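As the structure is a computational prediction, the values presented were derived from the model and not from experiment. Letters A, B, ... mirror the listed sequences (proteins, then strands); counts begin at 1.
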There are 2 protein chains.
Amino acid sequence: MSSAANYLADVLKSLSQPTRLKIIDFLRAGERCVCEIFPAIDEEQSNTSRHLTSMQTHGILSRRKEGVKIYYAVKHPEVFEIIDRAEEIVKLEIDFRSGVIKESERG
Amino acid sequence: MSSAANYLADVLKSLSQPTRLKIIDFLRAGERCVCEIFPAIDEEQSNTSRHLTSMQTHGILSRRKEGVKIYYAVKHPEVFEIIDRAEEIVKLEIDFRSGVIKESERG
DNA sequence: TTGCTATATGATTATATAATCATATTTGAA
DNA sequence: TTCAAATATGATTATATAATCATATAGCAA
């Protein structure tokens with residue numbers, strides 16, 4: 001049935017979790033291996049690996065094997081655009097709410 | 001601590017669930033009341049109300065009361081841009097995967 | 001008031017998710 | 001071969017989430 005709609009939700013869900021957002025942010029600088037990623041984001045190796053595998057499965061990350069190391073990278077630049085837009089919303093909301101507080105403080 | 005990072009995740013999480021995506025898609029046409037939304041997306045009133053409340057809380061939707069009706073609208077155009085980008089990723093991935101299948105079929 | 005319509009919310013249940021610990025697997029090097 | 005490093009995965013647990021049903025609340029109209 002709604003395989004496309006669910007796929008869309010899966011893609012967005014991949015980008016909506018703090019640990020995964022930390023990974024993606026670290027990968028803004030480019031391809032990195034797991035051994036670089038998990039210390040950088042200060043998460044356990046196994047947890048990091050799960051999130052990486054999950055994001056690769058959902059088409060967010062690419063994966064490349066080189067010897068014993070696995071390199072991951074953000075596969076589509078749209079991923080960064082999505083996060084940048086979401087950050088704009090966060091900023092707008094913070095401004096909006098501080099504005100609302102000022103309004104109400106004014107009485 | 002990471003209130004900003006968690007807020008970012010919350011915003012994206014608001015956009016990563018099938019029912020909420022149906023709501024947002026319906027609201028592309030503009031502001032609508034709950035009584036219009038839940039039949040359009042074919043979900044229960046109470047479930048729809050919860051998602052609407054949740055998205056309003058996270059700054060995704062605006063809310064306006066008019067008599068007994070409550071009108072919701074998408075608050076930031078960035079929301080649509082995010083979803084459009086995610087849909088691009090879905091399309092790219094579908095193409096990519098069918099390409100991969102063709103590669104392997106070719107042997 | 002009474003009653004009707006619109007919306008929200010409490011309680012519950014089922015399911016999904018994230019994190020953790022322990023361990024398996026793979027690969028290159030000694 | 002044996003070993004160590006890198007990565008993945010099974011089992012478990014705690015928590016979050018979505019949906020549902022029943023009911024509460026708010027506001028308008030008769």
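Interatomic distance, CZ of A/Phe38 versus CG of A/Leu52, reported as 11.0 Å (0.5 Å rounding). For the atom pair CG (B/Leu15) and CD1 (B/Ile24), the distance works out to 4.5 Å, reported to the nearest 0.5 Å. Expressed to the nearest 0.5 Å, how far OG of A/Ser49 lies from CD of A/Gln56 amounts to 11.0 Å.
Toward the 5' end of DNA chain D, the nearer of the two residues B/Ser54 and B/Glu44, judged by each one's closest nucleotide, is B/Ser54.
Distance B/Ile37 CD1 to C/dT7 P: 8 Å, rounded to the nearest Å. What separates CD of B/Gln56 from C1' of C/dT7 is a distance of 13 Å, to the nearest Å. Atom CD in B/Glu43 sits roughly 12 Å away from atom P in D/dC21 (whole-Å rounding). Look at CG on B/Asp42: it is 10 Å from P on D/dT20, rounded to the nearest Å.
You'll find the side chain of B/Ile23 reaches within 4.5 Å of the side chain of B/Met55, heavy atoms only. Residues A/Cys33 and A/Ile70 fail the side-chain proximity criterion, which asks for heavy atoms closer than 4.5 Å. Side-chain contact check for B/Tyr72 versus B/Thr53: some heavy-atom pair is nearer than 4.5 Å.
Proximity of a side-chain donor or acceptor of B/Arg20 to a complementary backbone N or O of B/Lys13 within less than 3.5 Å is detected.
A sub-4.0 Å separation between OP1 or OP2 of C/dA19 and a side-chain N or O of A/His51 is present. Close to C/dT27, at under 4.0 Å from its OP1 or OP2, lies a side-chain N or O of A/Lys65.
A heavy atom closer than 4.0 Å to some atom of DNA chain C occurs in A/Lys13, A/Gln17, A/Thr19, A/Arg20, these being the qualifying members of residues 10-30 of chain A.
Applying the salt bridge (Lys or Arg N to Asp or Glu O under 4.0 Å) definition to pairs two or more places apart or across chains, those involving residues 70-83 of chain A are A/Lys75-B/Glu93, A/Glu81-B/Arg85. Screening residues 31-41 of chain B for side-chain hydrogen bond (donor to acceptor under 3.5 Å, both in side chains) gives B/Glu31-B/Arg64 as the qualifying pairs, with residues at least two apart or on separate chains. Judged as a salt bridge (Lys or Arg N to Asp or Glu O under 4.0 Å), the pairs with a partner in residues 42-62 of chain B (not counting sequence neighbours) are, in order, B/Lys22-B/Glu43.
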- Query: What string of B, S and - do you get for nucleotides 4-11 of chain D, 5' to 3', if B is base contact, S is sugar-phosphate-only contact and - is no contact with any protein heavy atom under 4.0 Å?
  - Reply: --SBBBBB

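Axis deviation across the helix from C/dT1-D/dA30 to C/dA30-D/dT1 amounts to 10°, comparing end segments of five pairs, rounded to 10 degrees.
In terms of hydrophobic clustering, with Ile, Leu, Val, Met, Phe, Trp and Tyr side chains grouped at heavy-atom distances under 4.5 Å, B/Val90 and B/Phe80 are assigned to a common cluster.
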